[in-house]
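What follows is a short report on a single structure.
Everything quoted here is computed from the prediction, not taken from an experiment.
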Protein chains: 2
Amino acid sequence: MTATTTSAAPPRGRIDKRAAILGAALRTFVQDGYGLARVERIAELAGVAKPTVYNHFGDKETLFRAVILDGAQRTSDQIVAALETLPDDGADLAGALARVAQKVIDCQLGEEGWSLQRLMYAEAARFPDLFDDALRRGGVRVHNALAGRLARLSNRGHLHLADPDVAAGHLLALVSGDLPVLSALGTRKVAPDDLRRAIAAGVDTFMRAFASGPGPSAQPVAGRRTRPATGPPR
Amino acid sequence: MTATTTSAAPPRGRIDKRAAILGAALRTFVQDGYGLARVERIAELAGVAKPTVYNHFGDKETLFRAVILDGAQRTSDQIVAALETLPDDGADLAGALARVAQKVIDCQLGEEGWSLQRLMYAEAARFPDLFDDALRRGGVRVHNALAGRLARLSNRGHLHLADPDVAAGHLLALVSGDLPVLSALGTRKVAPDDLRRAIAAGVDTFMRAFASGPGPSAQPVAGRRTRPATGPPR
DNA sequence: CGTCTATTGAACGAATGAGTCCAATACCTT
DNA sequence: AAGGTATTGGACTCATTCGTTCAATAGACG
């Protein structure tokens, strides 16, 4: 019946439904939170019928988990790639750090980055194991990549790091500490100038603390807890 | 367990229902998120009838806003009070900073602190204005209190700060940057030793950057920190 | 060309939860 | 002691949404 005359119908064929669903789900979950997100809306946004969603992922919770893990993977891939661009020679170290920090933060500020972060904060209480998984897939890789990079710089004498792991954490904290406020938890677009200033200030403090100063004052850490420093002294 | 003794019938009288509701609401919202939190459950947890909740606060959203603002106020009161204990003389500055940081973080790690933070992250997309209000009531006051304290130390020569505002942000970032990971976004109890170590490391980096002689680059941050009041995007 | 699988639209059942109404009751004030 | 007010429990309305079912269809493939 209705021998529908071919055209005017959206292409029903098998495209990449799965990816479309994941994307739509991310947007929806982010906007409404897990509880209020409607599966039907996700389907609609993905240009897909609701049963198709249930065909691919069993139920809402499974879909949610897939969204988080998939996103964490992709975002951290981007960030790690950005970190690769940090040169090993110490030329204009501050500038190089600022540039790489800018890239990293751009990844985090992209639609996906903040959205994911907010989602994880939001639902951490309900899906504690999920956060652990995402951290393993995301944060840890970023942290290690940066720590490795910094260790190299330290080995070559361009930085004085007792512990590259700690330094990596501190650098990340310094350059991105203002982000939540600047972006109002990701709900506001950050003025590029504000961001640049924040990054510059963070890198500046980092350099003050860890750059091999021209002077003899390579002050060793006072009252340091014994922590296996993966980075040997200069 | 409500403190009241006696018989099977819970004391029906007018006690501090409002506070009880706010507390129960915080716990519930935190656990389930705004969308999935059930008002009936809040009432039950507060030892109160559901209509009473609606008598005090008009509806779910109003209740939520009250929870956030009230919590932000109280938490930041605590933190500001803790900051007052930072001495102005430079004796054992690192130790003093670590102690005050410990207090501040304790406030943030308490049931209320993390819960609130997670809640705001979670629902920032749906209640953007609410976050601004909470920030004004909470974060800004903490930041200013710390900046004032640091400025004093700087004036007396115990620190070398080009911009106490920036330094305050950096100190907070350094000592609490590891918190999300350590506590798994507030879902895991942080080992006191790990926390102490993280704080000590943060303070140590801060001291390296700002305690010794005037660093190589003492560039004061150019622009004043202005609040983009719902400014035009891009 | 004929078959098979993924997809579609639409509707359905069941459950859930916001917000309201009301008569009964406990506390506070005068 | 009397009267007013806040509170209570529970039932009720109404809307929403998860997850499912089913016949019809579009493209893939031998």
Side-chain angles (χ1 to χ4, degrees), chain A residues 1-25 27-67 123 126-127, chain B residues 1-67 122-123 126-127:
Chain A
M1 342 92 105
T2 78
T4 52
T5 59
T6 68
S7 54
R12 290 275 211 77
R14 160 184 244 307
I15 331 172
D16 208 354
K17 309 290 185 186
R18 192 189 159 93
I21 294 173
L22 280 175
R27 268 174 292 164
T28 305
F29 279 134
V30 159
Q31 190 175 16
D32 299 335
Y34 178 79
L36 289 181
R38 286 154 35 217
V39 174
E40 195 157 13
R41 167 83 179 139
I42 293 174
E44 176 188 337
L45 227 126
V48 158
K50 188 163 64 151
T52 303
V53 175
Y54 284 97
N55 279 346
H56 278 281
F57 311 87
D59 58 7
K60 198 180 175 183
E61 178 173 335
T62 304
L63 172 58
F64 181 76
R65 301 183 111 95
V67 166
E123 313 296 346
R126 198 175 358 212
F127 306 108
Chain B
M1 306 219 264
T2 46
T4 45
T5 98
T6 71
S7 39
R12 291 275 212 76
R14 161 183 244 309
I15 331 174
D16 210 352
K17 309 289 187 186
R18 192 189 159 92
I21 294 173
L22 281 175
L26 175 60
R27 268 174 292 165
T28 305
F29 280 134
V30 159
Q31 189 174 18
D32 300 335
Y34 178 79
L36 288 181
R38 286 152 39 213
V39 174
E40 195 158 14
R41 167 86 179 137
I42 293 175
E44 176 188 338
L45 226 126
V48 158
K50 187 162 66 151
T52 303
V53 175
Y54 284 96
N55 279 346
H56 279 281
F57 313 87
D59 58 6
K60 196 181 176 183
E61 178 172 336
T62 305
L63 172 58
F64 181 75
R65 300 184 111 94
V67 165
E123 313 297 345
R126 197 171 359 204
F127 306 108

B:L63 CG to C:dG19 P, straight-line distance once rounded to whole Å: 10 Å
Side-chain N or O of A:H56 closer than 4.0 Å to phosphate OP1/OP2 of C:dA6: no
Rounded to 10 degrees, the angle between the two terminal axes of the helix from C:dC1-D:dG30 to C:dT30-D:dA1, each from five pairs: 30°
Side-chain heavy-atom pair B:Y54, B:K50 within 4.5 angstrom cut-off: yes
Length of the NZ-P vector between A:K17 and C:dT5, whole Å: 19 Å
N/O (side chain, A:K50) to phosphate O (OP1/OP2, C:dT7) under 4.0 Å: no
B:T62 and B:D59: side chain donor to acceptor below 3.5 Å: yes
N/O donor-acceptor pair, side chain A:K60 with base D:dG19, under 3.5 angstrom: no
Short side-chain N/O contact from A:T52 to OP1 or OP2 of C:dT7, under 4.0 Å: no
Interface residues of residues 21-43 of chain B with DNA chain C (non-hydrogen, below 4.0 angstrom): B:A37, B:R38, B:V39
A:N55 CG - C:dA6 C1' separation (whole Å): 8 Å
Rounded distance in Å - CZ (B:F57) to C1' (C:dG19): 16 Å
Rounded distance in Å - OH (B:Y54) to C1' (D:dT13): 13 Å
Interatomic distance, A:R18 CZ vs C:dT5 P [rounded to whole Å]: 21 Å
Just list the side-chain donor-acceptor pairs under 3.5 Å for residues 20-47 of chain B, sequence neighbours left out, or say none.
unit_1: B:T28; atom_1: OG1; unit_2: B:A24; atom_2: O; d: 2.8
unit_1: B:Y34; atom_1: OH; unit_2: B:E61; atom_2: N; d: 3.4

Nearest-0.5 Å distance, NZ of residue A:K17 to NE2 of residue A:H56: 8.0 Å
